[in-house]
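Just below is one structure, and these are the notes that go with it.
Just so it is clear, the values below take in all heavy atoms, side chains as well, and ignore hydrogens, waters and symmetry mates. Below, read A as the first sequence line, B as the second, and so on, with proteins coming before strands; counting in each chain starts at 1. Nothing here was measured: the structure is a model prediction, and the numbers come from that model.
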Amino acid sequence: MSRALALIDGNSFYCSCERVFDPKLASVPVIVLSNNDGCAIARTAEAKALGIRMGEPYFKIRQMCRAKGVRVFSSNYTLYGDMSSRTNAVYRQFARDVEVYSIDESFLDLSDVRERDRVALAKDLRATVRQWTGIPTCVGIGPTKTLAKLANHIAKAVPELGGVCDLTDEAERAAWMVGISVGEVWGIGRASLARLTAMGVDTVADLRDLDPRPARQSLTVVGERIIHELRGRACLPLESVPARRKGCAVTRSFSSRITEREVLEQAVAAHATRLGEKLRRDGLAASVVTVFYHTSEHDRGDPMRSVSTVVHLPEATNDSRHLIQAAIHGVAKTWKEQGPTPWRYSKAGLVTTDLVPLDQAPRPLFDALDRERSGALMAAMDACNSRFGRGAVVPARAGLVAKRTWSTKFEMRTPRYTTWVSDLPVAKAVLAPAGHPHP
DNA sequence: TCTGGGGTCCTAGGACCC
DNA sequence: TCTGGGGTCCTAGGACCC
């Protein structure tokens, strides 16, 4: 039986999550903003129709949103993450193998489903996901990941298809490809698009017809693979077991500019605390941390400064206290005082790229860090925070300053409906008086 | 006034080794 | 007239993704 993959994704996923818990949002324009309520990162069809672009800064469209009745939300990642795992639980009932590709997209292996049954199965899947989670989806089917992605794009763009597009048939595929811009292909970004346009490659069909080997010159092996995939030859396997992550970063823009060393230290200490949580969740440890902070490119006229420094830890660790120490050391060794107009820093972060499983990390002959005690202490801290909420217990260094003026803004965030008991939505049932229609 | 965060992969070039 | 060649590893930067 031929290989068949499906790509299913949530339509305007973050917005759809908000709609699930507020029926009044059903047919009005909705957008969800990035951290600090900075940019629009999810838009419903109604919002797109108003001309709101992906990544559009919110301050530029605030007035328009007010005037047009756009409902605006801060991002609620706790909610979206939970809704994501619910949709994936449904996918797993329909496919023998599932690769969770991102928070709102998954590849499904449908190779064991008869070719003529695949579209019906996909429609059944959509309906089930809609009924069980409330999330609307689209499905693209094809013999390779790149073709399944393309099919998904068509399913979204052509409503008459009913949310499902199957590109298994080669002739049908070819017919679609002549009408779609090459920029829609998965893996073709701005730079490749410019190069292809210069070469006279405008449609997906044009790209498919390039000779793969010479195409490597301008598009690297990535482009060569894409051409093979467009021709139906699979180069990208389904990865149902997630690969171990290689790096981990915690970076944030401040909600207001920072000029004082003490405040910057506190911010990187908070980032280090979060980094430790993420590493411990995956059982990983880092032995090198890159600390960076910089002024904003938007603050034209202000003095600019961008700092990035590498701090080595005595051995691989995921103990928040060690990471905090490293983060503060990174600030200490790079901090500069400047006279009358101090630098106004807009963002800071920590980046690790050398992660290893903690239990496989080499240990020095004479331990610099007491790993056993550290593990027990961190586990206790994580348990408290999971029970009482993140930040219930933090290392003193990361929590001493009461007023955190730099903390990320989420001024329009909805409750954690599905993951926090006190935030559970309340449904009220009203009994209609006899003889009256149901209200 | 106000412009996100977190990943992966690839390539080129330098350091180093035999 | 002078010139090595070929391998690995690491890093920085670019490109792309959601």
Give the minimum heavy-atom separation between [X] and [Y], together with the two atoms involved.
{"X": "A/G276", "Y": "A/S320", "value": "CA-OG, 4.0 Å"}
{"X": "A/T290", "Y": "A/S308", "value": "CG2-OG, 3.5 Å"}
{"X": "A/Y14", "Y": "A/A42", "value": "CB-CB, 3.8 Å"}
{"X": "A/A6", "Y": "A/L110", "value": "CB-CD1, 3.7 Å"}

In whole angstrom, what separates [X]'s [atom1] from [N]'s [atom2]?
{"X": "A/E99", "N": "C/dC18", "atom1": "CD", "atom2": "P", "value": "13 Å"}
{"X": "A/L219", "N": "C/dG14", "atom1": "CG", "atom2": "C1'", "value": "14 Å"}
{"X": "A/D37", "N": "B/dG4", "atom1": "CG", "atom2": "P", "value": "12 Å"}
{"X": "A/M412", "N": "B/dG4", "atom1": "CE", "atom2": "C1'", "value": "14 Å"}
{"X": "A/K409", "N": "B/dG5", "atom1": "NZ", "atom2": "C1'", "value": "17 Å"}
{"X": "A/F292", "N": "B/dG6", "atom1": "CZ", "atom2": "C1'", "value": "11 Å"}
{"X": "A/Y101", "N": "B/dG6", "atom1": "OH", "atom2": "C1'", "value": "13 Å"}
{"X": "A/I41", "N": "B/dG4", "atom1": "CD1", "atom2": "C1'", "value": "7 Å"}

Using the side-chain heavy atoms of [X], tell me which of these nucleotides is nearest: [options].
{"X": "A/K149", "options": "B/dT3, C/dC17, B/dG5", "answer": "C/dC17"}
{"X": "A/R252", "options": "B/dG5, C/dC17, B/dT3", "answer": "B/dG5"}
{"X": "A/F59", "options": "B/dC2, B/dG5, C/dC18", "answer": "B/dC2"}
{"X": "A/T251", "options": "B/dG6, B/dG4, C/dC18", "answer": "B/dG6"}

*What residues, two or more places apart in sequence or in another chain, satisfy ring pair (Phe, Tyr, Trp, His ring centres under 6.0 Å) together with A/Y345?*
A/Y293, A/W335

*Which ones in residues 70-84 of chain A lie close to DNA chain B, meaning a heavy atom under 4.0 Å from one of its atoms?*
none

*Of all of residues 183-214 of chain A, which get a heavy atom below 4.0 angstrom from DNA chain B, listed by number?*
none

Is the phosphate of [N] approached by [X] (side-chain N or O, under 4.0 Å from OP1 or OP2)?
{"X": "A/S255", "N": "B/dC2", "answer": "no"}
{"X": "A/K347", "N": "B/dG5", "answer": "yes"}
{"X": "A/R257", "N": "B/dT3", "answer": "yes"}

*Ring geometry between A/Y77 and A/Y80 (parallel below 30°, tilted from 30 to 60°, perpendicular above 60°)*: perpendicular

Could I get the full list of side chain to side chain contact (heavy atoms under 4.5 Å, CB included) partners for [X], not counting sequence neighbours?
{"X": "A/R225", "answer": "A/V222, A/C235, A/L236"}
{"X": "A/V311", "answer": "A/V291, A/A326, A/H329, A/K333"}
{"X": "A/K336", "answer": "A/R305, A/W343"}
{"X": "A/E265", "answer": "A/R261, A/I328, A/V331, A/R397"}

Pairs under 3.5 angstrom, nitrogen or oxygen only, protein versus nucleotides 7-13 of chain B, please.
unit_1: B/dG7; atom_1: OP1; unit_2: A/R245; atom_2: NH1; d: 2.6
unit_1: B/dG7; atom_1: OP1; unit_2: A/K278; atom_2: NZ; d: 3.2
unit_1: B/dG7; atom_1: OP2; unit_2: A/A249; atom_2: N; d: 2.7
unit_1: B/dG7; atom_1: O5'; unit_2: A/R245; atom_2: NH1; d: 3.2
unit_1: B/dT8; atom_1: OP1; unit_2: A/K246; atom_2: N; d: 3.2
unit_1: B/dC9; atom_1: OP2; unit_2: A/K246; atom_2: NZ; d: 2.9
unit_1: B/dC10; atom_1: OP1; unit_2: A/R225; atom_2: NH1; d: 3.3
unit_1: B/dC10; atom_1: OP1; unit_2: A/R225; atom_2: NH2; d: 3.1

*Applying side chain to side chain contact (heavy atoms under 4.5 Å, CB included), run through A/V20 and A/I135 and close with a yes or a no.*
CA-CA 7 Å; A/V20 168; A/I135 300 291; 3.9 Å; yes

_Check this for me: does any side-chain nitrogen of one of A/R416 and A/D423 sit under 4.0 Å from a carboxylate oxygen of the other?_
yes

*Quick one: label A/E56 by what it contacts on the DNA or RNA (base, sugar-phosphate, nothing), any heavy atom closer than 4.0 Å.*
nothing

Using atom types as modelled, flag every donor-acceptor pair under 3.5 Å from a side chain in residues 243-250 of chain A to any protein atom, sequence neighbours excluded.
unit_1: A/R245; atom_1: NE; unit_2: A/D282; atom_2: OD2; d: 3.0
unit_1: A/R245; atom_1: NH1; unit_2: A/G247; atom_2: O; d: 3.3
unit_1: A/R245; atom_1: NH2; unit_2: A/D282; atom_2: OD2; d: 3.3

*asked:* With rounding to the closest Å, how many angstrom separate the P atoms on C/dC18 and B/dT3?
replied: 25 Å

Which pairs would a plain distance check flag for residues 93-101 of chain A, meaning a side-chain donor or acceptor within less than 3.5 Å of a matching protein atom at least two apart in sequence or in another chain?
unit_1: A/R96; atom_1: NE; unit_2: A/D109; atom_2: OD2; d: 3.3
unit_1: A/R96; atom_1: NH2; unit_2: A/D109; atom_2: OD2; d: 3.3
unit_1: A/D97; atom_1: OD1; unit_2: A/S240; atom_2: OG; d: 3.3
unit_1: A/E99; atom_1: OE1; unit_2: A/K145; atom_2: NZ; d: 2.7
unit_1: A/E99; atom_1: OE1; unit_2: A/E239; atom_2: N; d: 2.7
unit_1: A/E99; atom_1: OE2; unit_2: A/K145; atom_2: NZ; d: 3.3

*Only stems of 3 or more consecutive Watson-Crick or G-U pairs count here, both distances under 3.5 Å; name the ones for DNA chain C, or none.*
B:5-18 with C:5-18

*Does A/R344 or A/N36 map to a spot on DNA chain B nearer the 5' end, using the closest nucleotide for each?*
A/R344

Which side-chain N or O atoms in residues 178-195 of chain A pair as donor and acceptor under 3.5 Å with protein atoms at least two apart or in another chain?
unit_1: A/S181; atom_1: OG; unit_2: A/G183; atom_2: N; d: 3.2
unit_1: A/R195; atom_1: NH1; unit_2: A/S218; atom_2: O; d: 2.8

